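In what follows, a single structure is set out as structure tokens and then discussed.
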Amino acid sequence: MSANLGSALPEAVRALAEADFASVAQRFSSAGFAVALPAPGILTVKAAAPDPARASVLVSVGVHGDETGPIEMVAWLIEALSRTPRELAVDLMLCVGNIDAIAQGKRFIDADLNRMFRADRGTLAGTAEAARADALIDATRAFFEGAGAQRWHLDLHTAIRPSHYPMFAIVPEIIREEPRKALIDWLGQAAIGAVIMNPKSVGTYSYYSSEHHGAAGSTVELGRVGTLGQNDLSQFADASQALDRLLRGRPAFEAKAAPHVFATARQVIKLSDAFTMSVGRETWNFTPMKKGDVIATDGDTVYRVEHDEELVVFPNPDVRVGLRAGLMVTRIG
């Protein structure tokens, strides 16, 4: 992060963006919590005595370094909570994902960190993001070890492109029914307009936590990418309020509207450098396509719309070979 940008930021935002937890950690520690910094950019705050009835909540931001809105939102929320630390009603892990990319104002250093939470990384095994994912995996395992049944992971992002649903979330299908319902209810309180049920991991952090640690995990897209210190925080007001109530153990308020729910029809994988899409990166998320439309071609492989209507999400023909270049979804609720 440049010196000019750093000096222009409010202290709470600068501290979180630079993974400087010193002040916040001291306030929670002085209030009697067990506080630890297991790795750079990771803070855990737990009750002094283990309590299986206490929820364990992992909040991650900055997994993509250019997605700065959630960093600002969480910075103000955690700063305020640390001023009344005894109101923290959950065991908390706060993670700032790609610290180096945030500092450089880039999405990533070598490769997408949110594709590294899997055993097979292929040619990406030696990247900076692979090493960072290993550190996050170790800390996440330690955080959830011995935790009670209520386990959450909210991985907060912002989208690159416009969306017909400005705020939406990806939820792994493997989450058990009761915690999945609680998660989707919470997403409604956070003004999330759409939920995509995901049947298969593509190496994301939230899917890893759900699959390996039984967490109700979700990748939550909160509006658009913005410059650190210049985000319109009003767009995050509902999400901030919902997260604050979750961390303080306060009763949920009624959602303004339940999210629309979508099933994954297919993941469009880039198989070779011959891959082309009929839609580009500028295409809005949840743009509808009709049965028979060509989504993409890749040599002899042709991806076509198979349902009467499918909507395209995350179209990106420029990803590396072997990664997802788009997601096709159908509305089910």
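Index from 1, following the sequence. The analysis underlying the following values was restricted to heavy atoms, covering all of them including side chains, and did not include hydrogens, waters or symmetry mates. If you're wondering where the values come from, they're calculated on a predicted model, not measured in any experiment.
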Going by atom type alone, with no hydrogens or angles, which donor-acceptor pairs under 3.5 Å involve a side-chain atom of residues 312-328 and a protein atom two or more places apart or on another chain?
| from | atom 1 | to | atom 2 | distance (Å) |
| --- | --- | --- | --- | --- |
| Asn316 | OD1 | Asp318 | N | 3.0 |
| Arg320 | NH2 | Asp110 | O | 2.7 |

Cluster membership besides Trp284, Ile/Leu/Val/Met/Phe/Trp/Tyr side chains within less than 4.5 angstrom, sorted by chain and number, is none
Legend entry - Cluster link Leu247 to Val220, ILVMFWY, side chain under 4.5 Å: yes
Across all chains, not counting sequence neighbours, the salt bridge (charged side-chain N to carboxylate O under 4.0 Å, His left out) partners of Asp244 are Arg248
Residues at least two apart in sequence or cross-chain that pass side chain to side chain contact (heavy atoms under 4.5 Å, CB included) with Gln150, listed by chain then number, are Ala55
Quiz item: Does the gap between the ring centers of Phe262 and Phe168 come in under 6.0 Å?
Solution: no
| said: So Cys95 and Val61, do their side chains get closer than 4.5 Å, heavy atoms only? | reply: no
Is there a side-chain contact between Thr301 and Phe275, using heavy atoms and a 4.5 Å cut-off? no
The complete set of ring-ring contact (aromatic ring centres under 6.0 Å, His included) pairs with one or both residues in residues 210-233, sequence neighbours excluded, reads Phe144-His213, Tyr208-His212, Tyr208-His213
Residues passing the salt bridge (charged side-chain N to carboxylate O under 4.0 Å, His left out) test with Glu67, sequence neighbours excluded, are Arg107
Decide yes or no for Thr287 and His164: does some side-chain heavy atom of the first lie under 4.5 Å from some side-chain heavy atom of the second?
yes
Short side-chain to backbone donor-acceptor contact, Ser210 and Gly217, under 3.5 Å
yes
In short, salt bridge (Lys or Arg N to Asp or Glu O under 4.0 Å) pairs touching residues 298-314 with sequence neighbours left out are Arg266-Glu306, Arg266-Glu310, Lys290-Glu309
All heavy atoms of Phe117 vs all of Thr204, minimum pair found to be CB-O, 3.6 Å
Would you call Arg14-Asp20 a salt bridge at under 4.0 Å N-O?
yes
query: Does the ring-ring contact (aromatic ring centres under 6.0 Å, His included) test come out yes or no for His64 and Phe108, once each step is laid out?
result: CA-CA 6 Å; His64 294 132; Phe108 52 76; 7.8 Å; no
> With a 4.5 Å limit on heavy-atom distance, are the side chains of Trp152 and Val59 in contact?
Replying inline: no
Residues passing the salt bridge (charged side-chain N to carboxylate O under 4.0 Å, His left out) test with Glu72, sequence neighbours excluded, are none
*Between Arg161 (side chain) and Asn285 (backbone), is there a donor-acceptor pair under 3.5 Å?*
no
In short, Thr330 meets Ala265 closest at the heavy-atom pair CG2-CB, 4.2 Å
Quick check against the 3.5 Å criterion: does Ser240 have a side-chain atom that pairs as donor or acceptor with the backbone of Phe236? no
> Hey, any chance Ile269 and Tyr207 share a hydrophobic cluster, counting ILVMFWY side chains that come within less than 4.5 Å of each other, even indirectly?
Replying inline: no
Give the intermediate values and the outcome of side chain to side chain contact (heavy atoms under 4.5 Å, CB included) for residues Tyr165 and His260.
CA-CA 10 Å; Tyr165 293 93; His260 293 158; 2.9 Å; yes
Inset, instruction - For the residue pair Ile196 and Phe286, establish whether any side-chain heavy-atom pair is separated by less than 4.5 Å. - result: yes
A side-chain contact here means heavy atoms from C-beta on lying under 4.5 Å apart; do Gln26 and Phe21 qualify?
no
For the backbone of Ala242 and the side chain of Gln189, can you confirm whether one donor and one acceptor N or O come within less than 3.5 Å of each other?
no
The complete set of salt bridge (Lys or Arg N to Asp or Glu O under 4.0 Å) pairs with one or both residues in residues 216-231, sequence neighbours excluded, reads none
dist Asn198:CG -> Thr219:OG1 (nearest 0.5 Å) comes out at 8.0 Å
Asp91 meets the salt bridge (charged side-chain N to carboxylate O under 4.0 Å, His left out) criterion, sequence neighbours left out, with Arg54
Minimal heavy-atom distance between Ala12 and Ala75, with the atoms involved, is O-CB, 3.6 Å
Looking only at atom types and distance, does a side-chain atom of Thr127 sit under 3.5 Å from a main-chain N or O of Ala130, one as donor and one as acceptor? yes
Smallest heavy-atom separation, Ala239 atom then Leu222 atom, equals CB-CD2, 3.9 Å
Under a 4.5 Å side-chain heavy-atom rule over Ile, Leu, Val, Met, Phe, Trp and Tyr, are Val24 and Ile99 clustered together?
yes
Leu58 and Ser209 have their tightest heavy-atom pair at CD2-OG, 4.0 Å
Query - Steps toward side chain to side chain contact (heavy atoms under 4.5 Å, CB included) verdict (Asn114, His157) - result: CA-CA 11 Å; Asn114 213 29; His157 289 251; 3.8 Å; yes
Side chain to side chain contact (heavy atoms under 4.5 Å, CB included) evaluation trace for Leu94 with Leu16: CA-CA 10 Å; Leu94 179 59; Leu16 186 61; 3.9 Å; yes
So, Arg83 and Glu79, do they make that salt bridge, N to O below 4.0 Å?
yes
The complete set of salt bridge (Lys or Arg N to Asp or Glu O under 4.0 Å) pairs with one or both residues in residues 167-177, sequence neighbours excluded, reads none
Checking the side chain of Arg151 only, and the main-chain atoms of Ala216 only, is there a donor and an acceptor separated by less than 3.5 Å?
no
Notebook entry, point to check: Between His153 and Ser218, do the side chains contain an N or O donor and an N or O acceptor separated by less than 3.5 Å?
Noted result: no
Interatomic distance, CD1@Ile78 vs CG@Leu88, rounded to 0.5 Å, equals 7.5 Å
**Message:** Please tell me whether Leu43 and Val96 are part of a single hydrophobic cluster in this structure, the criterion being side-chain heavy atoms less than 4.5 Å apart.
**Reply:** yes
Next item on the list: Decide yes or no for Leu156 and Met73: does some side-chain heavy atom of the first lie under 4.5 Å from some side-chain heavy atom of the second?
Entry: yes
So if you build clusters from Ile, Leu, Val, Met, Phe, Trp, Tyr with side-chain heavy-atom gaps below 4.5 Å, do Ile71 and Met93 land together? no
Note to self: side chain to side chain contact (heavy atoms under 4.5 Å, CB included) for Val171 and Arg180? Distances and angles first, verdict last.
What the structure shows: CA-CA 8 Å; Val171 173; Arg180 184 199 305 175; 4.3 Å; yes
Using modelled atom types and a 3.5 Å cut-off, is there a donor and acceptor pairing between side-chain atoms of Asn231 and backbone atoms of Leu233?
no
Residue pairs passing the salt bridge (Lys or Arg N to Asp or Glu O under 4.0 Å) test with at least one member in residues 111-123, sequence neighbours excluded, are Arg121-Asp134
Smallest heavy-atom separation, Ala263 atom then Ile332 atom, equals CB-CG2, 3.8 Å
*So do Met116 and Leu124 actually touch side chain to side chain, heavy atoms under 4.5 Å?*
yes
Practice task
Assess the side chains of Tyr205 and Thr140: does a donor N or O sit below 3.5 Å from an acceptor N or O?
Solution key: yes
